[in-house]
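Have a look at the structure below before the remarks.
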Amino acid sequence: MIVNKNDEVIIDIEDMGSDGEGIGKYQGYTIFVKNAIIGDKIKAKLMKTKKSYGYGRLMEVIEPSPYRVTPKCPIAGKCGGCSIQHLDYEKQLEYKQNKVKNCLERIGGFPVEEFCKENIMEPIIGMKEPFYYRNKAQFPVGVNKEGKVAIGFYAGRTHSIIDTSHCYIQAPVNDEILQRVRKFIEEYEISVYNEEKQEGLIRHILTRVGFTTGEIMVCLIINGNNLPYKEQFIASLCEISHMTSISININKEKTNVILGDKVKTLWGKPYITDNIGDIKYQISPLSFYQVNPIQTKVLYETALSYADLHGEETVWDLYCGIGTISLFLAQKAKQVYGVEIVPQAIDDAKKNAEINHITNAEFFVGAAEEILPQKYKEDSICADVIVVDPPRKGCEESLLDTIIQMAPKRMVYVSCDPGTLARDLKYLCKKDYEISKIQAVDQFGHSVHVECVVGMQRKDT
Ligand SMILES: C[S@@+](CC[C@H](N)C(=O)[O-])C[C@H]1O[C@@H](n2cnc3c(N)ncnc32)[C@H](O)[C@@H]1O
């Protein structure tokens with residue numbers, strides 16, 4: 001072995017991995033180092049060694065990369081959220097574009113350089129202001145080593161809570177919400193959740209803010225059926241202007257899943273509203289809603305342009321959430337069908353169609369891989385365009401098979417995981433489809449995540 005555990009080595013960081021870790025070589029031996037960035041010369045201590053690669057801890061930045069910046073947030077290196085805040089934002093964008101390219105090339109086997117030359121793959125669209133962009137936060141609540149209440153974020157890859165009172169990517173009103181919830185817990189001696197013992201009441205605080213309306217939602221996730229001193233809790237939160245919805249969510253399960261199935265509204269409306277473009281949306285605690293409203297508009301407009309609608313098309317929007325993309329598409333299509341697995345999201349979707357006076361959108365609850373084949377076989381429903389926007393794990397192969405059988409002229413694939421995107425595109429392109437456009441959009445500044453929209457067409461059209 002060239003190196004052993006606990007050895008300290010000096011290396012140049014030449015690349016960055018999919019989790020934002022720096023990658024360098026010591027005499028041909030590859031070392032991955034968290035918090036190191038491309039262009040750094042560093043000293044790393046080997047913590048884990050395998051035959052041809054190992055993991056090092058950053059001990060010292062000997063010569064900082066020209067792309068290294070001082071993070072605004074003091075806990076940026078520790079908190080699991082902003083793992084690349086110390087990388088200049090323009091370089092973050094380049095890193096994300098390369099991440100998409102690598103996945104398309106390595107997993108999908110696509111000729112990415114050709115895609116770039118032929119303008120099939122466009123440069124990534126970044127944010128104008130990559131701070132304070134998120135409309136949703138989920139703060140874990142627990143006890144720290146000193147036995148005090150901790151509210152903040154999990155440290156990367158752990159469940160230990162880093163106490164915080166300000167987050168540089170969240171809506172600033174969260175500071176006041178956290179302060180008031182913390183005071184409430186301390187003043188009324190409300191217990192907080194202990195994951196190991198499965199005891200204690202308050203588990204998480206979920207907040208949402210409508211960026212165009214200013215409306216605020218606070219939902220406390222609790223390990224119980226009721227919140228004691230709820231009148232005092234409501235009174236305190238209602239002092240925050242634009243407070244719109246206060247609720248509890250019941251989660252008594254031993255699980256990492258944050259939200260339980262049941263929500264009780266304590267005060268105000270069971271939802272908040274927000275606008276994207278000309279469409280107004282109602283959003284309830286359990287529903288998915290894109291976290292970056294400014295970039296979401298860019299994302300949806302791109303999806304709409306790839307769908308290339310002229311008013312005569314039947315469109316399916318699979319994994320439709322609260323009908324966000326469906327209602328965007330409905331403005332230009334003859335008929336839109338949305339499918340989503342969360343019943344509360346479909347209730348929101350139906351309501352959203354109603355409040356926007358959209359009558360050509362219909363929604364179904366269920367798994368896309370079950371509903372689509374069922375509707376296709378039993379009701380002979382067809383599709384001119386199919387849009388999919390799955391969670392990170394991508395689409396089931398059986399769903400892709402049904403789509404291929406239905407033979408829509410165009411497809412639009414919206415994805416938050418370039419790896420599963422590349423896998424699914426490869427499957428579709430082996431059959432009847434080819435890629436016509438790829439656009440990455442940065443929805444998650446300072447994290448390693450990236451969103452993509454891909455336009456596809458049938459090879460015979
Ligand atoms: C990335 S979100 C997209 C939502 C929506 N298109 C939007 O932009 O707001 C994925 C959605 O798929 C839903 N979902 C997850 N698995 C599903 C499945 N098998 N069938 C249908 N919907 C599913 C989730 O509840 C979530 O709302």
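Both ligands and their constituent atoms are indexed starting at 1 by order of listing. Starting from 1, each residue takes its place in the sequence as its number.
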key: Step-by-step side-chain hydrogen bond (donor to acceptor under 3.5 Å, both in side chains) determination, Glu215 to Thr273   = CA-CA 7 Å; Glu215 292 181 4; Thr273 52; 2.9 Å; yes
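- Aromatic ring pairs are classed by plane angle as parallel below 30°, tilted from 30° to 60° and perpendicular above 60°; the pair Phe364 and Trp316 is parallel.
- For an aromatic pair to be called close, the ring centres must be under 6.0 Å apart, and Phe131 with His446 satisfies this.
- Residue-level contacts of ligand 1 at the 4.0 Å heavy-atom threshold are Phe288, Gln290, Tyr300, Tyr319, Cys320, Gly321, Thr324, Ile325, Glu340, Ile341, Val342, Gly366, Ala367, Ala368, Glu369, Asp389, Pro390, Pro391.
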message = The test is side-chain hydrogen bond (donor to acceptor under 3.5 Å, both in side chains); show your working for Tyr427 and Asp401 and say whether it passes.
response = CA-CA 9 Å; Tyr427 193 80; Asp401 286 334; 2.7 Å; yes
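- Between Phe233 and Phe184, the ring planes lie tilted relative to each other; the angle falls in the 30° to 60° range.
- In summary, Lys459 and Asp432 do not engage in a salt bridge, as defined by a charged side-chain N under 4.0 Å from a carboxylate O.
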